[in-house]
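The structure presented is a predicted model; accordingly, all values stated were derived computationally and were not measured. Reminder, nothing fancy here: chain letters follow the sequence lines and each chain counts from 1.
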There are 2 protein chains.
Amino acid sequence: MESMARAATTSDVFNAIAEPQRREILVLLRSGERPVTELAQELGMTQPGASKHLRVLREVGLVRDRRAGKQRLYGLDASGLRPVHEWTGGFERFWNESFDRLDEYVQDLKQAKQEE
Amino acid sequence: MESMARAATTSDVFNAIAEPQRREILVLLRSGERPVTELAQELGMTQPGASKHLRVLREVGLVRDRRAGKQRLYGLDASGLRPVHEWTGGFERFWNESFDRLDEYVQDLKQAKQEE
DNA sequence: TTGACGCATACCTATATGGGAATATGATGG
DNA sequence: CCATCATATTCCCATATAGGTATGCGTCAA
């Protein structure tokens with residue numbers, strides 16, 4: 001495993017949701033569990049394609065599956081998205097501040113630190 | 001360009017922040033502008049490595065650069081993270097609800113729709 | 001047990017990356 | 001114009017994907 005090109009998608013939620021179609025799958029699953037075939041059809045992808053994306057999502061824990069007769073229903077487990085939401089949330093003050101005021105902000109921080 | 005392996009990181013913020021080191025760069029930049037060399041040093045990567053990551057971040061608009069004498073200072077432009085924050089926020093109710101109650105929730109949705 | 005159906009895998013191909021090393025570019029001070 | 005510092009690029013390589021097609025596997029109904 002020398003010189004990995006990128007963190008495996010199977011081990012990182014950030015990477016797992018970097019794929020547009022996987023994000024679409026997650027969105028669809030908000031309205032309830034679905035079998036693979038249905039997802040594939042709704043997203044216009046092949047069944048193997050959907051299965052592969054679902055596998056990635058399952059391995060990072062964003063999706064759960066359970067057997068239901070002949071079918072296998074996939075359901076959302078969005079808790080893994082929480083860290084992503086929180087991480088981006090850590091930048092919230094930066095998009096609320098304009099760029100000009102950002103500099104002031106940083107100055108304030110520095111000053112506050114000196115006054116500690 | 002047939003059969004793209006994945007959306008180009010240069011055109012998608014989700015993909016750009018899928019790389020751990022790029023996320024670290026963004027975090028560092030919250031405390032102010034930095035030249036490439038400093039970033040590279042603080043993150044224990046080579047200068048070319050840092051430059052390449054910064055290029056990706058710049059192309060998706062998460063980072064701005066300006067010349068300052070001999071140096072080139074990179075600064076944060078976190079507005080591009082907002083869509084990610086909002087997208088993940090769309091799943092918030094799913095991690096607040098337990099899995100058992102989730103099913104009820106979906107039932108409620110369906111019922112509400114019928115009663116429209 | 002045997003189809004048929006639903007889904008997961010294996011295989012193959014073109015691309016996209018990340019990382020390291022060497023090198024090209026740019027801007028600055030003399 | 002030159003030497004130098006700060007960065008960006010270019011090459012090269014190994015690996016990670018995404019997608020398509022063919023195929024294996026497990027489950028259910030008759």
Practice task
Give a yes-or-no answer on whether the side chains of B/Thr37 and B/Gln41 include a donor-acceptor pair shorter than 3.5 Å.
Solution key: no

Starting at [atom1] of [X] and ending at [atom2] of [N], how long is that distance when rounded to a whole Å?
X       : N      : atom1 : atom2 : value
A/Leu54 : C/dA8  : CG    : C1'   : 11 Å
B/Asp65 : D/dA8  : CG    : P     : 7 Å
A/Lys70 : C/dA8  : NZ    : C1'   : 17 Å
B/Tyr74 : D/dA6  : OH    : P     : 15 Å
A/Asn15 : C/dT17 : CG    : P     : 11 Å
B/Glu59 : D/dA8  : CD    : P     : 12 Å
A/Glu19 : D/dA16 : CD    : P     : 17 Å
A/Gln71 : D/dA29 : CD    : P     : 12 Å

Exercise for the section: Keeping the roles fixed (side chain from A/Arg34, backbone from A/Leu39), state whether a donor-acceptor pair exists under 3.5 Å. Expected result: no

Practice task
Return yes if some donor-acceptor pair links the side-chain N/O of B/Arg30 with the main-chain N/O of A/Gly90 below 3.5 Å, else return no.
Solution key: yes

Fill in the blank from the handout: Residues in residues 41-49 of chain A with a heavy atom under 4.0 Å of DNA chain C, by number, are A/Gln47, A/Pro48

Handout entry: Qualifying residues under salt bridge (charged side-chain N to carboxylate O under 4.0 Å, His left out), relative to A/Glu24, sequence neighbours excluded
Key = none

Fill in the blank from the handout: salt bridge (charged side-chain N to carboxylate O under 4.0 Å, His left out) filter on B/Arg72, not counting sequence neighbours, yields B/Asp65

Exercise for the section: Evaluate the side-chain proximity of B/Trp87 to A/Ile17: yes if any heavy-atom separation is below 4.5 Å, no if none is. Expected result: yes

Practice task
For the pair B/His85 and A/His85, name the ring-plane relationship: parallel under 30°, tilted 30 to 60°, perpendicular over 60°.
Solution key: parallel

Handout entry: Any B/Arg55 side-chain nitrogen or oxygen under 4.0 Å from OP1 or OP2 of D/dA8
Key = no

Handout entry: B/His53 side chain near C/dG19 phosphate (N/O to OP1/OP2, under 4.0 Å)
Key = yes

Exercise for the section: For A/Lys52 and for A/Arg67, find the nucleotide of DNA chain D with the closest heavy atom, then tell me which residue's nucleotide is more 5'. Expected result: A/Lys52

